[in-house]
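To keep things clear, I will list the structure first and then write my remarks on it.
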Amino acid sequence: MIDTALEAVLRRDRTVVTAALVIIAVLAWVYVLWLAADMAMQHAAAPSAAVGDMAGMDMSGTDAGNMDMPGMDKGGMDMGATMAPGFRAWAPADFAFIFAMWSVMMVGMMTPSVAPMVLLYAGVGRKARAGGRPIASTAWFFTGYLLVWVAFSVVATGAQWLLASQALLSPLMATNSTVLGGLVLIAAGLYQWTPMKGVCLQQCQAPIAFLAIHGGFRSDPLGALRFGIVHGAYCLGCCWALMALLFVGGVMNVLWIAGIAILILLEKTVPTGQLIPRISGTLMAAIGAWLLVQAS
């Protein structure tokens, strides 16, 4: 009777952790979809509005060289605050918006692939509590993991600002340079073959081996937080080049985002070793080379 009750509690705990991960991922994806839809509508509305304004302009006595277009500031090309600050100088609010966008997107993309590790942590935690030797909450480990991707979001925001300031991004946050897109694809493809990628991927593919190498779970919250950061660092080493591809297909291209997230999930969960990264890396490099040839 006691064993049956304990098993029921353990199953319930696993269900709670799984449900929490699903909810977090779904909320993040809902936010990304909302942003993408809003940005697409703004992008579609902008040309129509510009055409309507020009149709009603009095062109008599107008110097075409000095013509001003309503809604567009020549110095900063302000096409509206909601259309991603790609054509104007960024204000502090723009940095905050883009950082929040990247952070939420990273949560949505990475939560599914870290789920096996989080569930393993939760399972060990349940057994430890049953044995009278509790470890720190799963939430501490997961928070540490997400902190790594929040830090990456700072770097991604800076990269987006740099590309936008050089007029290398479209309003939908994809590079408008074929050469740059090709170079990013080639670089990401080559990284898929590097030893660094292999080492980091091995740590993500085998949670139990990761535990054995790094001394197991921690009993104190700070230790669990650091442990999550370590796991997140390996995950970042595995996936950062794939995230750079968002600037090729579009940071707000939902299908592109989903495709990268699925590739990351397959790399980490399908037991094929380095096969998936090397096949995908070869394809990326080939497509990048093709783009460079087309641009020449």
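Just so we're clear, the structure is a prediction, and the values are computed from it rather than from any experiment.
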Salt bridge (charged side-chain N to carboxylate O under 4.0 Å, His left out) pairs touching residues 140-163, sequence neighbours excluded, are none

Gln202 meets the side-chain contact (heavy atoms from CB on, under 4.5 Å) criterion, sequence neighbours left out, with Gln274

Residues pairing under ring pair (Phe, Tyr, Trp, His ring centres under 6.0 Å) where one sits in residues 100-123, two or more places apart or in two chains, turn out to be Trp102-Phe247, Tyr121-Phe141, Tyr121-Phe217

Sorted by chain and residue number, the side-chain contact (heavy atoms from CB on, under 4.5 Å) partners of Leu222 (sequence neighbours excluded) come out as Asp220, Leu225, Arg226

By side-chain contact (heavy atoms from CB on, under 4.5 Å), Ile262 pairs with (sequence neighbours left out) Leu266

Residue pairs passing the side chain to side chain donor-acceptor pair (under 3.5 Å) test with at least one member in residues 232-245, sequence neighbours excluded, are Tyr191-Trp240

Taken in chain and number order and not counting sequence neighbours, the residues that satisfy side-chain hydrogen bond (donor to acceptor under 3.5 Å, both in side chains) with Thr175 are none

Applied to residues 157-175, the salt bridge (charged side-chain N to carboxylate O under 4.0 Å, His left out) test, sequence neighbours excluded, yields none

Counting only pairs under 3.5 Å, give me each side-chain donor-acceptor contact of residues 284-296, with atom names and distances, residues two or more places apart or in other chains.
from: Ser296; atom 1: OG; to: Val293; atom 2: O; distance (Å): 2.6

For Leu275, the side-chain contact (heavy atoms from CB on, under 4.5 Å) test, sequence neighbours excluded, returns Thr272, Ile279

Residue pairs meeting salt bridge (charged side-chain N to carboxylate O under 4.0 Å, His left out), one or both in residues 190-206, sequence neighbours left out, come to Lys197-Glu267

Going by chain and number, the hydrophobic cluster around Val150 (ILVMFWY, side chain to side chain under 4.5 Å) further includes Phe99, Val154

